[in-house]
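In what follows, every heavy atom counts, from backbone to side chain, and hydrogens, waters and symmetry copies are set aside.
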Amino acid sequence: MSSKITEKIWSSDIERKIIEDWRVNNAYDNVETNHSKDRYFVIDTPPPYPSGRPWHIGAAAHYSQIDMISRVARLKGFKVIFPIGVDRNGIPVEIHTEKKYKIRMRNTERKEFLKLCKLTLDDTESEFIEILESLGLSANFKQKYQTDSPDFRAFTQSTFIEMWNKGLVYLGNRPNNYCIDCGTTIADAEITYEEIETKLVYIKFFLENNNEFIVIATTRPELLFACQAVIVNPDDERYKEMQGKTLKIPIFNREVKIRPHHSANKSFGSGAVMVCSYGDLNDVQLFREMSLTEIKSIDLNGKTTEFAEMFSNLRIKEARSKIIDELEKQGLVKKIEIISHRTPLCERSKTPIEIISLEDYYLKQVDFKSNLLEQSKQIKFYPEMHRQILLNWINSISIDWPISRRRFYGTEIPIWYCTECKKPNLPEPGKYYRPWDEHPPFDKCKSCNNDKFEGEKKIFDTWMDSSITPLYITKFYKNKEIFNNIYPVSIRPQGKDIVRTWLYYTLLRCLYLTNQIPWQSAWIMGYGVDEKGEKMSKSKGNVIDPLPIIKKYGADAFRFWSASETNVGYDFRCSELKIQSAQKFLSKLWNIGRFISNFEIIDENNKPQELKATDKWILSELSSMTKKCLEGYEELNFFIPANALREFTWNIFAAHYIEMIKSRAYNNESEEERKSALYTIHKCFRTILLLLEPISPFITYELWKKIYEDVEIVSEQKTIPSVEKEYDAFVSSTHHIIKFNSEIWNKKKETLSSVTNKPLSLKDPIKSQIPSELELFKDDLIMMHNIIVD
RNA sequence: GGGCCGGUGGUCUAGCCUGGUUAAGAUACCGCCUUGACAUGGCGGGGGUCGUUGGUUCGAAUCCGACCCGGCCCA
């Protein structure tokens, strides 16, 4: 008798060989799409963004779990379409490239800059893909797509042209969020807020032809010259008499009216507020409501305009301090307080955003809100609580989505403007267009027949690309038959931090283009936080790089940890100790496999007529474990199966059952009883491997191949373990068995051997009685403990 | 100001939806043990008024109310 497994411990080196095995056999590159809809499980995989090192351990856990989703679907018999793409457009790579080559985008020739971005991306991308493969991702790597490929960009442009033709896009000159550092318009979703200390300056405004003044507190004194009104709360007794009167703006001496408005907060500052173009979003609102004339205050480089007179062409901070100095010189400052002010920042560069009027393209969304709310009811959310993030976001939307960016590395907006009549001309959809560098694919302007054009230089917001992944992976535009077979796709797995961007924009765009929701369900994962429960961030320096951890413990240990640590939708803590303990479990499983592989395989075909009670008992426990696992998998909650498997395998199957049947397995006294044990032990082990496969695919694959000498565990023919009720009654014996075994072990420990004067060894005989409730298991218990019955 | 989530031995979590033995597991700590797969193992031990408080109930970690603390998101 010898074990089929020689390696004493499970080592992650074996994982690399298995990946090669899968690659050679095309195990997961199944792309066939010609069956009827209900046979497919299609995953709208998040395309990772290779923005630089290190990667985030939470992201690695995230992709591991997405893979578990795909493997569970295969276990249930679906054909799984698991694409993998790489998100390669947008500002982060531009910033990364600027740093890497020590250049500035705007001082670099556009073509040259694009080339360097591409190099940067290629570099980081290959490493990312390697990590994903080493995690055991069963995705279609052979047909990996990139969002900056001509094919994908043509796709993005086609959807834009279609939306343009439907009248959903417009060009608008409106105040918008602008990041001076990035030099572009940004969407609300790209803004973060931070409490920043700033000066609140109390400035005296004198009434016209009068020595009286009122005090106005502001954090933006540099915008004084762009002030077009002063508002006070209509209920504010202090200013009752002042409403409608005229004030003189200090330094600039222009006249503005005092107007009542409910948005003036009586308790902030002096209660009187200056309204400038534009200090914040409320100013924008007020300018619109009161039909005030905009004064352009800040230019695209972040400097004050000529309207600032002696303070023009200054950076915002400079202008602020100079104006404060001047006001103080003229005795117009009553006081200055330092306050903590909630400041909107650009998510990417962390620069305070300015509100500037610029011409940009907008995609309508405000008019579509109620439809979005209605349609989102049809999507199942895992977990349900995260639906609220989407609903809150939709409800808070107040302006249309600005989709153009004044940047370089992104999908070009496919528009040429007629030099004569200035009207936009759009090409036919289907091709990739680069208007800033190419001649238009038409000769004459549709409106005026002129033959000279200027190509649009702006590019799309990167969410314009990534928000069509469900359409791209289902061959929308390209193959109607495939598209009809597999759209809407089964599931969108993603992090909760990008619900208001990726999830929301995808819903919006897909509804516009297909009139259908893009996915049946959305599976929303929480953040990976550090050991102390704090959010990981590069600035805090607590980001854990997953690469060395995966190298050290192996992907399976990492995946098992990820499954057993994270409750679906909740944040999870990342600690190396926990990953170590996952590795120990795999070690245990490996050793159980080594033991089991000693014995001949008794399967359903030569199953004995009658099983021993002990065997029936473990089958009842197996069944209850299977039930828990399947329920957990049904909810896509891997925490449940991981813990059920660990508990059963280690604390019941190995600790009690295997010990109880060892003598029957080794000895040939009764062939039927031996077969009963061997049948049961293999049945349990196969079930464990099948159920663990979605979580830890490597070790289960290897053990299955070694012991059962086939690769059924990855094939489509594998059978999902069933929940059998036949032996249910035996479950009640579990706690009696555990209690009895424990008592005997304790007794042996407490009894000193007459020979060695040390506690009895587990092999030593001991006198005891078998309690009546364990009568059925008597034979196995006697052999297990070497009991001499009194 | 609004929304969502959480508070259970030293630490991290499960249990709560569906109330019912002595509150479970992992980890850390302490003690013992070469045993026919496994020392990356096995056995045993100490350690918790389940955030506070009021209510419902024969019975509350679990249901209801109020409050306190922490996290995240939005205004």
NA contact type, [X], heavy-atom cut-off 4.0 Å: base, sugar-phosphate, or nothing?
| X | answer |
| --- | --- |
| A/Asp571 | nothing |
| A/Trp561 | nothing |
| A/Lys496 | nothing |
| A/Glu384 | nothing |

Can you tell which of [options] lies closest to the side chain of [X]?
| X | options | value |
| --- | --- | --- |
| A/Tyr570 | B/C5, B/G3, B/A37 | B/C5 |
| A/Ser742 | B/A14, B/C43, B/C4 | B/C43 |
| A/Arg646 | B/A37, B/U27, B/G41 | B/U27 |
| A/Asn746 | B/A26, B/C43, B/C12 | B/C43 |
| A/Arg500 | B/U35, B/C43, B/C73 | B/C73 |
| A/Lys662 | B/G36, B/G42, B/G25 | B/G36 |
| A/Lys749 | B/C74, B/A14, B/G44 | B/G44 |
| A/Arg573 | B/C12, B/G6, B/C43 | B/C12 |

Exercise for the section: Check the angle between the aromatic planes of A/Trp617 and A/Tyr657 and answer parallel, tilted or perpendicular using the 30° and 60° thresholds. Expected result: tilted
Problem - Test item: A/Tyr178 and A/Ile355 side chains (from C-beta on) under 4.5 Å apart, heavy atoms - result: no
Pick the [atom1] atom in [N] and in [M], then give their distance to the nearest Å.
| N | M | atom1 | value |
| --- | --- | --- | --- |
| B/A66 | B/C4 | P | 13 Å |
| B/A39 | B/U34 | C1' | 9 Å |
| B/U13 | B/G36 | P | 40 Å |
| B/C5 | B/G42 | P | 39 Å |
| B/G15 | B/U62 | P | 15 Å |

Fill in the blank from the handout: Note: A/Thr566 and A/Asn637 closest approach over all heavy atoms is O-OD1, 4.4 Å
Practice task
Select from A/Tyr527 and A/Asn643 the residue whose nearest nucleotide in RNA chain B is closer to the 5' end of that strand.
Solution key: A/Asn643
Practice task
Check the pair A/Phe572, A/Tyr527 against side-chain contact (heavy atoms from CB on, under 4.5 Å), reporting the backbone distance first and the verdict last.
Solution key: CA-CA 6 Å; A/Phe572 55 97; A/Tyr527 307 117; 6.0 Å; no
